[in-house]
Amino acid sequence: MTQATNTDVIVQRDRRIGWLLLLPALLLLIAVFAFPIGRAFWQSFYTQNLGTELQPQFSGLENYGRMMQDGRFWQTLGNTTVFTVVSVLLEFVLGLAIALVLNQAFRGRNIVRTIAILPWALPTALIALAWAWIFNDQYGVVNDLLRRVGLIDQGINWLGNPNLAMMAVIIADVWKTTPFISILLLAGLQSIPDDLYEAHRIDGATPWQSFQRITLPLLMPQIVIALVFRFAQSFGIFDLIAVMTGGGPGGATETVSLYIYATVMRYLDFGYGAALVVVTFLLLVLAVAIAAFFLNRSRAKTSAAP
Amino acid sequence: MTTTATAPTQTTHSTRRWLLPLSVILVVLFCLAPVLWQLLTSVKTNPDISAIPTVYLPREFTLDHYRELFVRRPFLNYMFNSLLVALLSTILALGLGAPAAYALARLRLQGQRIILAGILIVTLFPPILLFLGLLNVVQALNLGNNYLALILPYAAINLPLTILVMRSFFQQLPKDLEDSAKVDGYSTVGLLLHIVLPLTLPALATTGILTFISAWNEFIFALTFITEESMKTVPVAASQIGGASIFEIPYGPIAAATVVGTLPLVALVLLFQRQIIKGLTSGAVKG
Amino acid sequence: LTCFLVLLPVFSQQPVEIRFLMLAPETPLFAPLIEEFERENPDIRIRMVEGPNATNLVEDLYTSALLLGSSPYDLINLDVVWTAKFAAAGWLMDLSDRATPQELAQHLETSIEAGRYQDKLYRIPWRTDAGVLFYRKDLLQEAGLQQPQTFTDLLEVSKTLQQKTGVDWGYLWQGRQYEGVAAMFVEVLSGFGGYWINPETLEVGLDQPEAINAVNFLRGTVRQGVSPGGVTTYQEEEVRRLFQSGGAAFMRNWPYAIPLLNSEESAVRNKVGIRPMLSMPGGQPGSCLGGWGWGILSSTPHPEEAWRVLQYFTSERVQRINALKGYLPSLRSLYEDPEILAEFPHYAEMAQVFEKTVLRPSIAQYAQASDILQRYLSAVFSGRMAPEDAMQTAASETRSLLGRLSSAQEARG
Amino acid sequence: MTSIESKPTHSATATRSTLELRGLNKTFSPTVIPVKNLDLSVDRGEFLTLLGPSGCGKSTVLRMIAGLEQPTRGQVLLEGKDVTRLGPGDRNMSMVFQSYALYPHMTVAENIASGLKLRKVPRHEIEERIQEVGNFLGLQPLLNRRPSQLSGGQRQRVAVARALVRRPSVFLLDEPLSNLDALLRENVRAELKQLFEHQQAPVVYVTHDQTEAMTLSTKVAILSEGHLQQLDTPHRIYTHPANRFVAGFVGSPQMNFLMLPCEGQTAILGHSRIPLPRAVPPSTRRIVLGIRPEHVQVAQGDRATVSGEIFLVENLGMHNLVSVRVPDIEGQPTLRLLLTPDRHPTGQQLHLTFPPQDMHWFDAETGDALRD
Amino acid sequence: MTSIESKPTHSATATRSTLELRGLNKTFSPTVIPVKNLDLSVDRGEFLTLLGPSGCGKSTVLRMIAGLEQPTRGQVLLEGKDVTRLGPGDRNMSMVFQSYALYPHMTVAENIASGLKLRKVPRHEIEERIQEVGNFLGLQPLLNRRPSQLSGGQRQRVAVARALVRRPSVFLLDEPLSNLDALLRENVRAELKQLFEHQQAPVVYVTHDQTEAMTLSTKVAILSEGHLQQLDTPHRIYTHPANRFVAGFVGSPQMNFLMLPCEGQTAILGHSRIPLPRAVPPSTRRIVLGIRPEHVQVAQGDRATVSGEIFLVENLGMHNLVSVRVPDIEGQPTLRLLLTPDRHPTGQQLHLTFPPQDMHWFDAETGDALRD
Ligand SMILES: Nc1ncnc2c1ncn2[C@@H]1O[C@H](COP(=O)(O)OP(=O)(O)OP(=O)(O)O)[C@@H](O)[C@H]1O
Ligand SMILES: Nc1ncnc2c1ncn2[C@@H]1O[C@H](COP(=O)(O)OP(=O)(O)OP(=O)(O)O)[C@@H](O)[C@H]1O
Ligand SMILES: [Mg+2]
Ligand SMILES: [Mg+2]
């Protein structure tokens, strides 16, 4: 019997149902995201600020041109990159370590797991105040502890020194958002079947080897997701820095979000603000795309994905 | 297999014995110390809070800061609002996100890479700027002072994470299980509800916790979209806690608000994360 | 919006509702006043919405509400520095014709001045504020010194006090990168005879020697150990706490601190004196003007009723009530009012301070200009930049900002 | 109850085939084509067993019948209706997966009940049926356990129970007894036989256990490399294998194959000449002789066809499997035969003979069976 | 190469036992105690097979030996050293899991290589060994696939390959061939036998296939309900079962059991009286006679012990399994026997006889074997 190849009805049926399942989520995403994003792109080609009495005037690429000369933008971009890279790296290492600890069986594990989520559960604006207070040079606990230990005798001006201020906000951010990573990874760890570890231990693997050869590759999807989301969140950081340092001292901790927010909400310079948004956004997309590309390539090479 | 009390190796025996408790203590210290500080602050008197040298344990225990929250303001009411909004947006995010994730994980949609990329890309949009555009939408739909104005955006903002996380977990499930359920006669939705989701409880609980927390703590939307006193959420209410002057930052009451505003989260997290359990799929398939 | 217009006639029989947003801590102040007003004006209901406890958040809330065109509010309680921006955005109603010159003349002059933008009046003050120099009477007495008159004096006296009386610090000021640093700086700038921006000519004076001297002075306070390194991160409250705990001899702050410094818990109760800011030869001692006033949003459908509410809120009666609660009024007469002076003797001294106030430039892009200043001041204070470089860059950035402003305005013609 | 080897028990009453596969083909990738153009039909009451080497596509065929895998080409027909495009839930089949695929979050009882609940079977009937099938498979004490708390064989029995408890229109069983011990397997096999004889739904069964295949099936399909090698009653598969592959695959221990030179219509084996079936073309130079170990006989007196020395004796319990190297034949091949235990030590010289009726002939090139 | 039934090949040379279990006990819950007080030892070069009904604790024993499960009581000794508290990685054992436990993110080759890489075996040697074991198990064309792309049997072979490729001090194999077809299984079995005969590490093997147990093992342990029923060579297990359980469990088709009344030292069977072994106490009223189906003989002439009518004929390929109802005996029990195919139709009357040397006697109460 010679027959034509069947159209794959299973795939077709799956697709039909798939779209039905997917559509509500897509609609909500579009409803919430499409307009703001589209508006940003549109506005970036207009000048709309106090000078134009807030009326949009088409100005082509002028906003983008202005951005090239805007040292403040590039400085904030640099700050944000430093902040993001350092904090996400630290969070990842810490988060993974915490997830591994929480994945062990011990008494009171549920309590400890809940405690481990606490930092993430505290409202950022409030806890940022607390951190600012903790790093205060006169009243802060950090200085007080250091003094008591005898490491210093004069309070360190944490938030007044550009480098220390960056360090302080990174510490606060790492503390606050590490749980995001650890809880995601914990869930991933929990879904790795025990018998793989058993087989691997019988193969003679030490815990460290099992971690490298079983845990890491099988956890990769969650790791990638956690990193991408943290990367995006971290790049868009606002509350914490706004409250802790307000971008100071001397703009040393000012991030892109802070600058964009000021441009739009305080300077009412919408066109330019939109252009800032668009460029930042595209840079982020580019960064993630490049990361995805390399990840794919390395994955294809080592073929480590399930 | 869940009961495997693994025999510790002799060589690493002593190491393991102190390593785990030590690391647990470190984790607890790391996560709890600043929170504890807030807790202590919330029961200290104002002079103690700003004393030099730092006062660690309150010299004088006070509940004034808490009284301020509940007596001067309907803080319970705010908590109810937050709970309602956070709960509904969590349900919405999971309810829309999990099926979408399943579709993207298993149902071989055409163009799913593009959809995935799109979902990922929207999360890269600086969230702080989303709200100006959203404000337009909210006004256009006349949703101001409506819980929906918060629920929908919160759900939407947490959808990408939900979708991507759930998808990664769905992909790790043994496919034979779903096949078996299909032969048994489960519809795709039934399959999702009765087989797939129960087996991905850790992921569900995780994204649920993350969504709930982010909705509970969201500030800007809640501040902008809701002006009705009786509908305010906890973070907005906390932002209204005043000191003696507009210059003063009322550390005590804010610490108290932090504590009170976090307690329901702790309860919920305790509840949710019991679901993050190991070995849900053990024994399901061979091979 | 259509919906709104349709509903309008239906409600026209009802009392008109006048709405505004208020900083959370000030709502208790207005609640009884509103009650009183509504009793006397049954045709007007006032709805006061409680906002957050941070001025910038309230500003943002108004901004986002106004951006959409149909604001839910009718009145606005404006900080001095918002006026120009809100007026330039076309969000404020011109009050020039409504307020009679006689009425205006009763207010402190600069505080009315601060409500003008491009020759139109947009804001009528209900309370005022100005930077004040606080000093420790007891310490000066102990050391047998006089109040300093110039900034150089200040440094000298501080050092002497630190040595003689063992007080930790000499002079405290607000150096964090935020609006307060600009307010603090215009005072020093004025004292050194410099200027920031001339709102008429849009000239920028930040790179002038006077400005650089002013910066050098501030930087010097830290370098010479007169001010703690932390001042570069302090706002009003940190400074006040430190001063109140007896940690310093001088402090630049706003009058709100006066009652607190004299409160029961204060370590410096009744030991504090206040005076206007200092100056150098060739400079003008100047206190930065702060304060709040009422404006009417141009989108309001009830300008008449809003005006009535505004008049009431800025009236002598209301200002007197508020003054008795510690809010400095904008009406001159109240500074001589015996009842008030009995309660707050320092109001007499404040009258003196208000004689010598300086304004922050009243330009539309004030926020942006202020940010530039803040960043570079902070850069100097934190040691990132040398004063000359910093001020030069600040000046040129400010000039290009203003240039863009004028060119855009010309383009609109 | 009748012996099943002579005629399929129920097929006589069924007028048309109930399950039919037409030109089924499955291509995973250009190099992996586990099913090529498969035609098969299973009548009402029939029991078809799929046999074939590991990886030959048996599970894939079952999955295509169940609707879990879309055939690349071809059709699946149920009661004459094309169901190729129906979803698995609409085909009303029940299936035992080779990997068990138990629902890990349900107890054994819930696992078994799940398909019934979905079909809205009344509560008490579900209870009853669970009890029944649980009894039959010895699951009674395990009903409240989770799959993770079961042994391998117990899991497999749950999988079987879950499939049996339903009344589907087709049963699909993929190696359902592979993890059971011999005794249990024998019992379950007997019960299955009873059960399937009392119902009409066609059964498609995959197994590696030839005893199972022989005792349960009315038909056996031998698959290899995606092709159907033979479809016949178990008896005929055993006695009349269609080709060398089938002959070698079915029967354990495996059939002995000897490559013999031909001369005219006879093959030369040791000292004897054996007449060949008529189907063998006269020009044939070499031919393959197949003889099962149990048919090789120890020669009485001098009637030996070949002789050789025992070099390996394996105890299979009931028999010994004795390997003999035969120097008489070209290439000194090995012959294996079954003998009663304890009679024949290693090293002993044996004289062997092959009963003519038990000899199988295969074309040396194509492997096809050659018969009269 | 020698026949293994007479003596364990290597145990003679080994001076002390290599793997020893002492009083091993595993309690999952008060009602689930799959292993109770197990004592076992496996010498160098020995091959021990665990046999027992599904769920009797075989896998649990293996897991305890491997160190994956901590015994509730008792010890595991390796080369005389107590390793009970050692982790699995330090015991240098290799294991085939009943559930395979393949690493889903690794290819077949990587799965196989993983244990070698961990032990820092040189790259080229790993390559070599993978090729070798891949060849032997027919995995060559699959080396670059992921487990999810394999058939059940192929997965199982990968699991076996992963265990074999190492040179551990103990091999643990849990039903390693259950999903392979008969032919492949036969080949793999032969290869396994060779492989294990050429090395000294003790092997503990779990299987349900009695042929496997018989051909591969030097010792068989029969477990039931957590207790060791018999530990012996495969041959003796078959010919001298320690009790009724072992007799019934080993051998397929199952041994026939007849409950007979006794009189003095004789049992009454139909019309004959059979002398009982001396071990039977004189007071015994009833006794169980066991006779394997392959030992029941069709009587020539009038030497019949019992007779009955055939009521079921099952084709097992090589034989027919014939069930006969025997009205001569109390309770009309069923006797099953093996006959060559196609000679005996249903309904035929058969006269049967039991060779005395093949009769087994068991205590009616305790089930213990009774012998001279
Ligand atoms: N985690 C567990 N919790 C409770 N009972 C268990 C658990 N694991 C196994 N069991 C029980 O212990 C007994 C022994 O299990 P084990 O897996 O050792 O059996 P087995 O002899 O390997 O059986 P099979 O031949 O079916 O694989 C079984 O009755 C099983 O149900
Ligand atoms: N997803 C897949 N991708 C590629 N090849 C596959 C896939 N699934 C199965 N195969 C291949 O298809 C062939 C047939 O697989 P199938 O599972 O049908 O074999 P089987 O006859 O059931 O074997 P076994 O007896 O070992 O279970 C095998 O060679 C297998 O490797
Ligand atoms: Mg298969
Ligand atoms: Mg087992």
Side-chain angles (χ1 to χ4, degrees), chain A residues 11 14-15 17-18 21-22 24-25 28-29 32-33 35-37 39 98 101 104 106 110 112-123 125-126 129-130 133 138-139 141 144 175 183-184 186-187 190-191 193-194 221-222 225 229 232 236 238 257 260-261 264 277 280-281 284-285 288 306, chain B residues 1 4 20 23-24 27-28 31-32 35 38 50 52-54 96-97 99-100 102-103 107-109 121-130 133-134 137 153 156 159 161 164-165 168-169 172 188 202-203 206 213 217 219 235 238 249 251 254 258 261-262 265-266 269-270 273 276 278-279 282:
Chain A
V11 170
D14 279 359
R15 282 190 181 153
I17 298 169
L21 294 181
L22 186 61
L28 181 60
L29 284 178
V32 170
F33 285 98
F35 180 74
I37 294 181
R39 199 177 91 137
I98 292 178
V101 172
Q104 304 296 316
F106 53 87
N110 267 345
V112 176
R113 282 187 182 175
T114 307
I115 286 173
I117 301 173
L118 265 184
W120 180 252
L122 298 172
L126 299 189
L129 275 178
W133 194 233
Q138 298 286 326
Y139 306 96
V141 202
D144 190 75
W175 177 80
I183 184 186
L184 263 181
L186 174 64
Q190 297 276 315
S191 72
D194 271 341
Q222 281 80 31
I225 290 172
F229 273 82
F238 180 78
S257 276
I260 296 175
Y261 185 78
V264 173
V277 171
T280 315
F281 181 54
L284 271 180
V285 172
V288 169
Chain B
M1 276 171 234
T4 333
L20 182 62
S23 38
V24 169
V27 169
V28 169
C31 297
L32 203 56
V35 182
Q38 281 293 84
S50 53
I52 295 183
T54 312
L96 297 185
Y102 186 71
L107 299 181
R108 295 170 282 190
L109 300 175
I121 281 172
V122 294
T123 65
L124 299 177
F125 195 76
I128 189 76
L129 289 158
L130 213 53
L134 270 188
V137 180
L159 255 184
L161 182 72
L164 292 179
V165 171
S168 75
F169 280 83
Q172 288 173 345
T188 305
T206 301
I213 289 176
N217 285 336
F219 179 61
I249 301 171
Y251 288 104
I254 281 182
T258 315
T262 312
L265 285 184
V266 171
V269 166
L270 259 177
Q273 57 102 347
I276 308 181
K278 193 163 186 69
S282 77

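In what follows, every chain begins at residue 1, and chains take the letters A, B, ... in the order their sequences are listed. Values below: every heavy atom of this structure, side chains too, minus hydrogens, waters and symmetry copies.
- For Val288(A), the part lying near chain B is the side chain, with the backbone staying farther off; criterion is any non-hydrogen pair under 4.5 Å.
- The shortest non-hydrogen separation linking Val122(B) to Phe33(A) is O-CE2, 3.7 Å.
- Ile225(A) approaches Leu164(B) most closely through the heavy-atom pair CD1-O, 3.1 Å.
- The distance from atom CG of Leu28(A) to atom CG of Leu96(B), rounded to the nearest 0.5 Å, is 6.0 Å.
- Nearest heavy-atom pair, Pro221(A) versus Ser168(B), reported as atom, atom and distance to 0.1 Å: CB-CB, 3.7 Å.
- Heavy-atom pairs under 4.5 Å with chain A peak, among Ile121(B), Val35(B), Leu32(B), Leu109(B), at Leu109(B).
- Residue Leu270(B) holds its CG atom at 3.5 Å from OG1 of Thr114(A), rounded to the nearest 0.5 Å.
- Scanning both residues, Leu21(A) and Tyr102(B), for their nearest heavy atoms gives CD1-CD2, 4.3 Å.
- Interface residue Phe125(B): backbone and side-chain heavy atoms are both found under 4.5 Å from chain A.
- Both the backbone and the side chain of Leu134(B) have a heavy atom closer than 4.5 Å to some heavy atom of chain A.
- Here the closest heavy-atom approach between residue Ile213(B) and residue Trp120(A) is recorded as CG2-O, 3.3 Å.
- When Val112(A), Ile37(A), Ile260(A), Leu186(A) are compared by the number of non-hydrogen pairs under 4.5 Å with chain B, Ile37(A) comes out ahead.
- For Val141(A), the parts lying near chain B are the backbone and the side chain together; criterion is any non-hydrogen pair under 4.5 Å.
- Considering every non-hydrogen atom in both Phe35(A) and Val137(B), the closest pair reads CD2-CG2, 3.7 Å.
- Interface remark: Thr188(B) contributes side-chain atoms only to the contact with chain A (heavy atom separation under 4.5 Å).
- Both the backbone and the side chain of Val266(B) come within contact range of chain A, each with at least one heavy atom under 4.5 Å from a heavy atom of that chain.
- Residue with the most contacts toward chain B among Pro24(A), Ala130(A), Pro123(A): Pro123(A) (heavy-atom pairs, distance under 4.5 Å).
- If you measure heavy-atom distances from Pro193(A) to chain B, you find no contacts under 4.5 Å at all.
- Residue Thr206(B) touches chain A through both its backbone and its side chain, counting heavy-atom pairs closer than 4.5 Å.
- Residue Leu284(A) touches chain B through both its backbone and its side chain, counting heavy-atom pairs closer than 4.5 Å.
- Side-chain atoms of Asn217(B) come within 3.5 Å of backbone atoms of Ala121(A) as a donor-acceptor pair (strictly under, hydrogens ignored).
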message = As a quick check of understanding, evaluate side-chain contact (heavy atoms from CB on, under 4.5 Å) for Cys31(B) and Leu118(A), giving each step before the final call.
response = CA-CA 7 Å; Cys31(B) 297; Leu118(A) 265 184; 5.6 Å; no

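- Of the listed residues Ala232(A), Ala25(A), Gly236(A), the one with more heavy-atom pairs under 4.5 angstrom with chain B than any other is Ala25(A).
- Among the candidates Gly97(B), Ser23(B), Ala203(B), the residue making the largest number of heavy-atom pairs closer than 4.5 Å to chain A is Ser23(B).
- The parts of Leu107(B) that come within reach of chain A are both its backbone and its side chain, each placing non-hydrogen atoms under 4.5 angstrom from that chain.
- With Arg108(B) contributing its side chain and Arg15(A) its backbone, the two residues share no donor-acceptor pair below 3.5 Å.
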